[in-house]
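So you know, we letter chains A, B, ... as the sequences are listed, proteins then strands, and number each from 1.
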2 protein chains.
Amino acid sequence: MNDFMSKIEILKLVAHPARLSILEELSKGVKCVSDFQEFLEISQPNISQHLSILRHAGVIDYFIDGRLRCYFLKSPFIPDLLEIIKRDYTGQLPGPECCPTTKKGKYHGDRRK
Amino acid sequence: MNDFMSKIEILKLVAHPARLSILEELSKGVKCVSDFQEFLEISQPNISQHLSILRHAGVIDYFIDGRLRCYFLKSPFIPDLLEIIKRDYTGQLPGPECCPTTKKGKYHGDRRK
DNA sequence: TAAAATCATTCATATATTTGAATATTACTA
DNA sequence: TAGTAATATTCAAATATATGAATGATTTTA
């Protein structure tokens, strides 16, 4: 089940400010819908919509506590993803690998200016 | 400047089958456009479009070698992202953390069925 | 049982993304 | 210099996504 496609679907869903915030909160623990209302500046129906999207993708799930729906993280992929999103990459050098692999090029060294 | 947003932008771009393939190839080394044509089943203009999108987002860049454009990975975030996408998560347990944090709930233990 | 609290669903519209088709650009080569 | 190889750009149509508005469903409380 480690298919790339499901990971791509998850990436698509996480790449949204509201849903990323939701997942970050859930990575700290269980939360109900009205908890999210405290820090998300969107309407309750919209929050429910995002939760529904995440749930149908298998990223989160919930259990009932009285009249609350307590949501929690379900996909083990999410904590790792959140970790690298928060990681600081400033100062790390970009650039092509030292050994180029173009099939057609005559390139045999780093000719960049 | 908050690079949270730029990470979200990158996630959005990576969450596409063609662009993910392109980035995976680039993680192995420098590639020119016609190299991509060998394994991507989309048109050359479409490949160029995806490359352009990735380049404008600062994810990749290129240098010129004769009449080839040699593309390479620029964002240091990408290798880490590719690594967790390829990682196998099967068998890992989902579930809420042991310590719930709903503010409104009376919940004080794991009541799930 | 009526009211309130909590959350979900539906629908319509606005916006963004994706792709194919056609064409342009640039640098080599004969 | 004309031709060709390699790649980019533009545009339009199709598709997908996001959001607000209105309303529904359930459970608890008074």
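- Distances shorter than 4.0 Å separate none of the side-chain N or O atoms of B/Asn46 from OP1 or OP2 on C/dT18.
- Classified by interplanar angle (parallel below 30°, tilted 30° to 60°, perpendicular above 60°), the ring pair A/Tyr71/A/Tyr62 is tilted.
- Across the interface with DNA chain D, nearest-nucleotide mapping of A/Gln44 and A/Leu13 shows A/Leu13 to be the residue nearer the 5′ end.
- As rounded to whole Å, 11 Å separates atom P of C/dA8 from atom NE2 of A/His56.
- At C/dA8, one or more side-chain N or O atoms of A/Tyr71 fall inside 4.0 Å of OP1 or OP2 (strictly under the cut-off).
- No donor-acceptor pair closer than 3.5 Å links the side chain of B/Ser52 to the backbone N or O of B/Ser48.
- What separates CG of A/Leu68 from C1' of D/dT29 is a distance of 14 Å, to the nearest Å.
- Between B/His50 and C/dT18 there is no side-chain polar atom (N or O) within less than 4.0 angstrom of OP1 or OP2.
- Between A/Lys28 and A/Glu24 there is no salt bridge, since no side-chain N of the basic residue sits under 4.0 Å from a carboxylate O of the acidic one.
- Rounded to an integer number of Å, the gap from CZ of A/Arg69 to P of D/dA25 is 14 Å.
- Distance from the side chain of B/Ser43 is smallest to C/dG20 among C/dG20, D/dA8, C/dT9.
- Residue B/Glu38 places its CD atom among more than 12 non-hydrogen atoms of other residues, nucleotides or ligands, all under 6.0 Å distant.
- Of the candidates D/dT9, D/dG20, C/dG20, D/dT9 carries the atom nearest the B/Ser48 side chain, counting heavy atoms from C-beta on.
- A sub-4.0 Å separation between OP1 or OP2 of D/dA6 and a side-chain N or O of B/Tyr62 is absent.
- Rounded to whole angstrom, the span from the CD atom of B/Glu38 across to the P atom of D/dT7 amounts to 11 Å.
- Between the CD1 atom of B/Ile8 and the P atom of C/dT17 there is a distance of 13 Å, rounded to whole Å.
- Between D/dA18 and A/Arg19, a contact under 4.0 Å exists linking OP1 or OP2 to a side-chain N or O.
- If you take CZ of B/Arg67 and P of C/dA27, they are 12 Å apart, rounded to a whole angstrom.
- When rounded to the nearest whole Å, the span between CD1 of A/Ile53 and P of C/dT10 equals 13 Å.
- Contact annotation: B/His16 reaches the phosphate of C/dT19 (side-chain N/O to OP1 or OP2, under 4.0 Å).
- Taking 3.5 Å as the limit, the base of D/dT10 and the side chain of B/Gln49 contain a donor-acceptor pair of atoms between them.
- Between B/Ile42 atom CD1 and D/dT7 atom P there is a gap of 14 Å when expressed in whole angstrom units.
- Within 4.0 Å of B/Ser34, counting heavy atoms only, lie sugar-phosphate atoms of the nucleic acid but no base atom.
- Using a 4.5 Å heavy-atom cutoff, the side chains of A/Val14 and A/Val59 are not in contact.
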